[in-house]
Protein chains: 2
Amino acid sequence: MGEGAAGMGPRGVGGGAGGWSGGGADGLSGRGAGRWSGAGAERGGVPTVETIAVRAGVSIASVSRVLNGHGARPDTVTRVERAAAELGYVPNAVARSLKGGRTMQVTFAMSDIGNPAYVSMVREIQAVMKAAGYRLLLHSTDADVEDELAVLRSLADRTSDGLVLCPIRITPRHLDALARAARPVVVIGSLPGTPPHGPPVDSVRTDSVTGAEAAVRHLIDTGRRRIAFVNGPADTVPGHNRALGYHTALEAGGLAPDPELITTTDFTVEAGAAALHGLLDARPDIDAVFCANDQLALGSSQTLHARGRSIPDDVAVAGMDDTVLARAGWPPLTSVDLGSAERGRTAAHMLLDRLREPTGIPRAPARREIVMPRLVVRASSAPAAGAV
Amino acid sequence: MGEGAAGMGPRGVGGGAGGWSGGGADGLSGRGAGRWSGAGAERGGVPTVETIAVRAGVSIASVSRVLNGHGARPDTVTRVERAAAELGYVPNAVARSLKGGRTMQVTFAMSDIGNPAYVSMVREIQAVMKAAGYRLLLHSTDADVEDELAVLRSLADRTSDGLVLCPIRITPRHLDALARAARPVVVIGSLPGTPPHGPPVDSVRTDSVTGAEAAVRHLIDTGRRRIAFVNGPADTVPGHNRALGYHTALEAGGLAPDPELITTTDFTVEAGAAALHGLLDARPDIDAVFCANDQLALGSSQTLHARGRSIPDDVAVAGMDDTVLARAGWPPLTSVDLGSAERGRTAAHMLLDRLREPTGIPRAPARREIVMPRLVVRASSAPAAGAV
DNA sequence: GTGAAAGCGCTAACAA
DNA sequence: TTGTTAGCGCTTTCAC
């Protein structure tokens, strides 16, 4: 729990001056004129510790103490609290941060908030952080490496106390930036090396290789033989891992990989739909499609429907991520739950642990967590009518 | 990074201090204190204007000027920039905010970031704000009125420069809080009254009454007569408006409303599935279902599929919001695009306009924008086989 | 227990 | 052009 952090004092917006939209004309010369210009403490403007101090007839130090529950004479407490309530005093969080060195904000950066897998991460991270008294700063990098690096670098501007980063791929520059990050960072994804040797940052990843393998094995086990594969960009970590899992399962199942059955494209519904058209044109005998994520699987399903192929009778379909989309499709999509929500939650907790570490020198060694994938079988991959 | 304390080029945070994760031992005598302990400027710690000033042999004012492009002698500029680069200096945004009164952060608060409709808003708002140099603070209120009010109140803590609020409903307390908001607020949703009289805040809304009406009219026009209605909570603005549209369209089409055809539940897929079971049990002759959002429509579709009703031959289905889910379902869902993305974009721009307003007294009057809904017809509502 | 005072790091008057 | 200085609003020693 965030100790007294986010304004927990006995405050309230009780009877303060009209808000930003209120008309209040205060000709104070202290600072600019307008409503929220922060005029001096004399009369107009936003109340500060000084305003309260004057009103309560105590020093600003006492105001601060009372507001932070640092004990004071009952009498003093009462007067300060009353003054604060009457003026609708709200402490300036920026000033507090400057003094305390903490902003009670953390950043979550991923490539695109439109992706359901990220949505569940955001959701969990926000919930955990909120409970701990932190606010969540969201940053979409549009899968731009420069932007990711910029986020890492901007950690030095003191805007947030830590970062959860979900990079689309890890480059040497990422490793460098991670090593010199000004604040604790937790990476959602695979980092190279093993803790003593790898980059000194905590991370949570899923075992998508195993996940992909499980899905493909399932397709094979249910009688499919000509299993197409619609993958995302091969130079991304997710793309690479899924390909690995696909090939491993194929091999284990005694099936020869066939380049004609494999397409590499973007992680979107449209790309999936297009990919399947190409695949079906080249190999009309496909009896299953394994897709690197649910969007691709949905796109594939649409093409199958559009071309009159029955799912799962003619062609089985399986996706990955088990997002809300998997249950939205028809038939409901078999998918691999890669634990996006759990990864988000875990990452958030790891970051909180770092944030709670005392400033005293020795820092705990980097942690690596792995969330195991879980195959979720739904109707889209039921055994074909005349299957094994 | 743990390996070589030697890898300190003329770059990076703390110029050789190693990042947050740097080990305890840094060969450099230049810095000694903890990573981000913020020691003085003398030797340890993070560089500040003073560190730069000393190194460049100028005053802190010159440093500030150069760094902000306020002109200085070429010679000075060079020295300062070089010193800053060598030390990997990054200005402390908090200190800057305290001085300038602006944080370059804005908040977006909605009930649940898991909802696709909000996702597209977040996405747009994020993009617009990012382009304008603002960071986005995300706040999920879990549809809790107290939390919404808290967000409004917390505007006074100076943490963000403005707020885009998408409340699930507007209570008198909301109006009160909106009126005294400490910073500009843009509401996504319907506000009571008309500008001179309503609350003094900008807002964007959609005309969901007309949208719902269009969807139902479309169902009627395509030959449906027993049109069920699966609505969200009736005490929410969306719920209320959709009910209004439904009834209006029914009346215009000469159909009598039938309580048995109407269910009120939560805005979720599961709720939609359950609702339809009830509806079909009570009225097996339903030939269309109008749902208050895509999640409900998807849930309804699943129940229809599960109970062997063909879509659209037996029953037509229409949803609202036209989220990514509408295209994910099968058959693709007819839906009403309520312009979530556009509302988000508009709200962001309205907020930026406010943020750009000079502090000079007269503030522009509140604006009210309306985004018109657009019916998107897809396969789920194709006319039934033997239809009109 | 309380007040005076010293900054946190930065920008902007105001002088020189 | 440059340096000195005064804060922004708050927390926190350090004396009393």
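Hydrogens, waters and symmetry mates are skipped; everything else that's a heavy atom, side chains included, is used. Below, chain A is the first sequence line, B the second, and so on; all start at residue 1.
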Checklist entry - Ile60(A) or Thr76(A): which one's nearest nucleotide on DNA chain C is closer to the 5' end? => result Thr76(A)
Under 3.5 Å, is there a donor-acceptor pair between the side chain of [X] and the main chain of [Y]?
| X | Y | result |
| --- | --- | --- |
| Glu357(A) | Ala364(A) | yes |
| Asp144(A) | Glu146(A) | yes |
| Ser64(A) | Ile60(A) | no |
| Ser111(A) | Thr141(A) | no |

Next on the checklist: Regarding Ala61(A), tell me which of base, sugar-phosphate or nothing describes its non-hydrogen contacts under 4.0 Å with the strands shown.
Outcome noted: base
Checklist entry - Counting any heavy atom closer than 4.0 Å, what does Val58(B) reach on the DNA or RNA strands: base, sugar-phosphate only, or nothing? => result sugar-phosphate
Can you check the [X] [atom1] to [N] [atom2] distance for me, whole Å?
| X | N | atom1 | atom2 | answer |
| --- | --- | --- | --- | --- |
| Arg158(A) | dG9(C) | CZ | C1' | 11 Å |
| Lys99(B) | dG9(C) | NZ | C1' | 11 Å |
| Asn68(B) | dG9(C) | CG | P | 17 Å |
| Arg96(A) | dT12(D) | CZ | C1' | 14 Å |
| Arg65(B) | dT11(C) | CZ | C1' | 10 Å |
| Met104(B) | dC10(C) | CE | P | 17 Å |
| Leu67(B) | dG9(C) | CG | P | 15 Å |
| Arg102(A) | dG9(D) | CZ | C1' | 17 Å |

Distance test, side-chain N/O of [X] to OP1/OP2 of [N], below 4.0 Å:
| X | N | answer |
| --- | --- | --- |
| Thr48(B) | dG9(C) | no |
| Asn92(B) | dC8(C) | no |
| Ser59(A) | dA4(C) | no |

Checklist entry - How do Val77(B) and Gly100(A) order along DNA chain D: which one's closest nucleotide is nearer the 5' end? => result Val77(B)
Item to check | Candidate nucleotides dC10(C), dG3(C), dG3(D), ranked by approach to the side chain of Ser62(B) - the nearest | outcome: dG3(D)
Item to check | Selection from dT2(D), dA12(C), dC10(C) that lies nearest to any side-chain heavy atom of Pro91(B) | outcome: dC10(C)
Item to check | Test applied, salt bridge (Lys or Arg N to Asp or Glu O under 4.0 Å); reference residue, Asp202(B); option that passes from Arg363(B), Arg354(B), Arg367(B) | outcome: Arg354(B)
